[in-house]
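Quick note: numbers below take in every heavy atom, side chains included, and nothing from hydrogens, waters or symmetry partners. For clarity, every value in this text was computed on a predicted model and none was experimentally measured.
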Amino acid sequence: PVDWWFVYKMPQNSCEKAGGAPDCALRFAYVDAATTATTLSVVPGVTLASAESALGRTLSPLYGAVPDVSDMGYVAYNDEPPDTTTTSSAFHAKGTIAAGTGGGFFVLHSVPKFPALPPSLGAYAWTASQVYGQDALCVSLNVSTVDAAAALLRVYHASAAGVYAA
């Protein structure tokens, strides 16, 4: 685990211009708190569709018939939830907060219709569009910061795309 990570998903048109592979628009650049590089580089051999990506590893425990988080609850919110049109929201806001007795994480992202929850979907998957460039920032939360992060949902007037409470 790291204190924070950031990913940037490549837009489809940049792949087409470069003659990229079919999965090119799911490739991403990654940086985290331990990174010493001063530039973003595309991660070779892994796409955002993979449970091995930073986003996949972070969100995977929330999937399955019963999430793999016995002491944890989560809220995924999106102003454009999966299988709907844009909702009326005070903010253009998307993300997932998950927390338990040991802390948690807060993923803020720009991806419409993502993540596709409820957890009955079985496993993490990229279900959103591949057309546009997107980004995600994940911040680790300790127990003392969980409430402050969750309070943002009230400010955002967030529409829950998925909720699970243990």
Return a table of donor-acceptor pairs under 3.5 angstrom between the side chains of residues 141-150 and protein atoms on other chains or two or more places apart.
unit_1 : atom_1 : unit_2 : atom_2 : d
N142   : OD1    : S144   : N      : 3.1
N142   : OD1    : S144   : OG     : 2.6
N142   : OD1    : T145   : N      : 3.1
N142   : OD1    : T145   : OG1    : 3.3
T145   : OG1    : N142   : N      : 3.1
T145   : OG1    : N142   : O      : 3.0

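Y8 OH: more than 12 foreign heavy atoms inside a 6.0 Å radius.
Considering every non-hydrogen atom in both V43 and Y30, the closest pair reads CG2-CB, 3.6 Å. Here the closest non-hydrogen pair linking L59 and F105 is CD2-CE1, 3.9 Å. Taking each heavy atom of H109 and P115 in turn, the nearest pair found is NE2-CD, 4.2 Å. The two atoms that bring F114 and A125 nearest to each other are CE1-O, 3.8 Å, heavy atoms only. Of all heavy-atom pairs between W4 and V31, the closest is CZ3-O, 3.8 Å. Counting all heavy atoms, side chain and backbone alike, S60 lies closest to G56 at OG-O, 2.6 Å.
Side chain of S110 to backbone of Q134: no donor-acceptor contact under 3.5 angstrom is found. The backbone N or O of V2 sits less than 3.5 Å from a side-chain atom of S140, completing a donor-acceptor pair. Of the possible polar contacts, one joining the R57 side chain to the E52 backbone as a donor-acceptor pair under 3.5 Å is found. Looking only at distances, a side-chain donor or acceptor of T47 sits under 3.5 Å from a matching main-chain atom of A49. K9 places a side-chain N or O within donor-acceptor distance of the main-chain N or O of Q130, the cut-off being under 3.5 Å.
Side chains of W5 and T58 form a contact here, defined as non-hydrogen atoms less than 4.5 Å apart.
Hydrophobic clustering of Ile, Leu, Val, Met, Phe, Trp and Tyr side chains at less than 4.5 Å, counting indirect connections, keeps L137 apart from V107. By the criterion of side-chain heavy atoms lying less than 4.5 angstrom apart, applied directly or through intervening Ile, Leu, Val, Met, Phe, Trp or Tyr residues, L152 is grouped together with L108 in one hydrophobic cluster.
From M10, atom CE reaches atom CZ of F28 across 11.5 Å, with rounding to the nearest 0.5 Å. Rounding to the nearest 0.5 angstrom, the gap separating the OH atom in Y124 from the CG atom in L55 is 4.0 Å.
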